Amino acid sequence: MKLSNQTLVTIIALAVLGALIMSFIAISPSIAFALGVILSGLAVHFMQGASPAAVTPDDSSSTSSSSKTIYVGNLPYRANENDVKDLFSEHGEVFAVRLMKDKRTGKRRGFGFVVMNSADVGTAIANLNNKEYGQRTLKVREANEPKNGEDLDSE
DNA sequence: GGTGAGCGA
C-alpha cells in the first residue's frame with residue numbers, strides 16, 4: 001500500500017469534498033468525513049487498479065544485435081555526436097554515439113565511443129581509422145572496456 | 001578564449 005503524496009492529497013481532498021456533499025444528506029459531519037475518506041480511498045484505489053492494458057506484451061525476444069563499442073579519438077572539438085554518428089553510419093549500422101565531454105567543466109575531451117553492429121565494426125574501423133576528419137586524423141579502435149563479450153577473436 | 005594525449009561513470 002504505497003501511496004504517493006499526491007495520492008494522499010487527492011484522498012484528503014476528495015474526503016473533504018465528500019464530507020461537504022454528504023453533510024447535506026447525512027447526519028453528523030464526522031461520520032460524513034469518515035465515509036468520505038473510505039469512499040475516496042476506494043475510488044483512488046479503483047482508479048489506480050484500472051489499468052486497461054493489463055496485458056503487457058512483453059517481448060522477451062532479446063535480439064542479440066551484436067553491438068560493439070568503438071573508441072574514437074582525436075575528434076575535432078567542433079564535431080558533434082550527430083556528425084560522428086553520420087560518419088560511422090556510412091560504414092555500418094550505428095546504434096549510439098557518446099561524445100565524452102567532461103561533466104565537471106562541460107568542455108569536450110575530444111574523444112568518444114560509438115556503439116554499432118559488431119558485423120560492421122571491423123569495416124568501420126578499417127575505413128575510419130586514420131581517416132582525416134576535420135583537419136585531424138581520427139583514431140578508431142575497439143573500446144578497451146568491452147561491454148559486450150561476444151567476440152573473443154580480435155586482432 | 002581555447003585545445004590535443006587519450007578509453008567512458
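Protein chains get the first letters and strands the later ones, always in sequence-line order, with residue 1 at the start of each. Note that the structure is predicted; figures quoted are calculated from it, not measured.
- A 4.5 Å side-chain heavy-atom check between A:V121 and A:M116 finds at least one atom pair inside the cut-off.
- Atom CZ in A:F111 sits roughly 7 Å away from atom C1' in B:dG6 (whole-Å rounding).
- Distances shown here put a side-chain N or O of A:R109 below 4.0 Å from the OP1 or OP2 atom of B:dA9.
- Residues A:A79 and A:Y133 approach most closely at CB-CE2, 4.1 Å, considering heavy atoms.
- Shown for residues 122-129 of chain A: no residue has heavy atoms falling under 4.0 angstrom of DNA chain B.
- When distances are taken from the side chain of A:Y77 to each of B:dG4, B:dC7, B:dG8, the shortest belongs to B:dG4.
- Put simply, CG on A:D102 is 11 Å from P on B:dT3, counting in whole angstrom units.
- The base of B:dG4 sits with one of its N or O atoms less than 3.5 Å from a complementary donor or acceptor on the side chain of A:R136.
- A:D83 contributes atom CG, which lies 8.5 Å from atom CG of A:L87 (distance to the nearest 0.5 angstrom).
- Of the candidates A:F88, A:F111, A:F113, A:V72 forms a side-chain contact (heavy atoms from CB on, under 4.5 Å) with just one, namely A:F88.
- Each of A:Y71 and A:N74 has a nearest nucleotide on DNA chain B; the 5'-most of these lies closest to A:N74.
- In this structure, A:G110 reaches the bases: a heavy-atom distance under 4.0 Å links it to at least one base atom across the strands shown.
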Test log, rule side chain to side chain contact (heavy atoms under 4.5 Å, CB included), inputs A:N80 and A:R108: CA-CA 10 Å; A:N80 300 333; A:R108 286 200 186 165; 3.0 Å; yes
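- Residue A:K103 places at least one side-chain N or O under 4.0 Å from the OP1 or OP2 atom of B:dA9.
- Rounded to a whole Å, the CE atom of A:M100 is 18 Å from the P atom of B:dT3.
- Within 6.0 Å of the CD atom in A:Q135, the count of heavy atoms belonging to other residues, nucleotides or ligands does not exceed 12.
- Side-chain proximity of A:P76 to the nucleotides B:dG4, B:dC7, B:dG6 is greatest for B:dG4.
- When heavy atoms are screened at a 4.0 angstrom cut-off, A:L75 is found touching base atoms of the nucleic acid.
- A straight line from CZ of A:R78 to P of B:dG4 spans 14 Å, rounded to a whole angstrom.
- Of the side-chain N and O atoms in A:K107, one or more sit less than 4.0 angstrom from OP1 or OP2 of B:dT3.
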Stepwise side chain to side chain contact (heavy atoms under 4.5 Å, CB included) check, A:L128 with A:I70: CA-CA 11 Å; A:L128 291 177; A:I70 308 177; over 6 Å; no
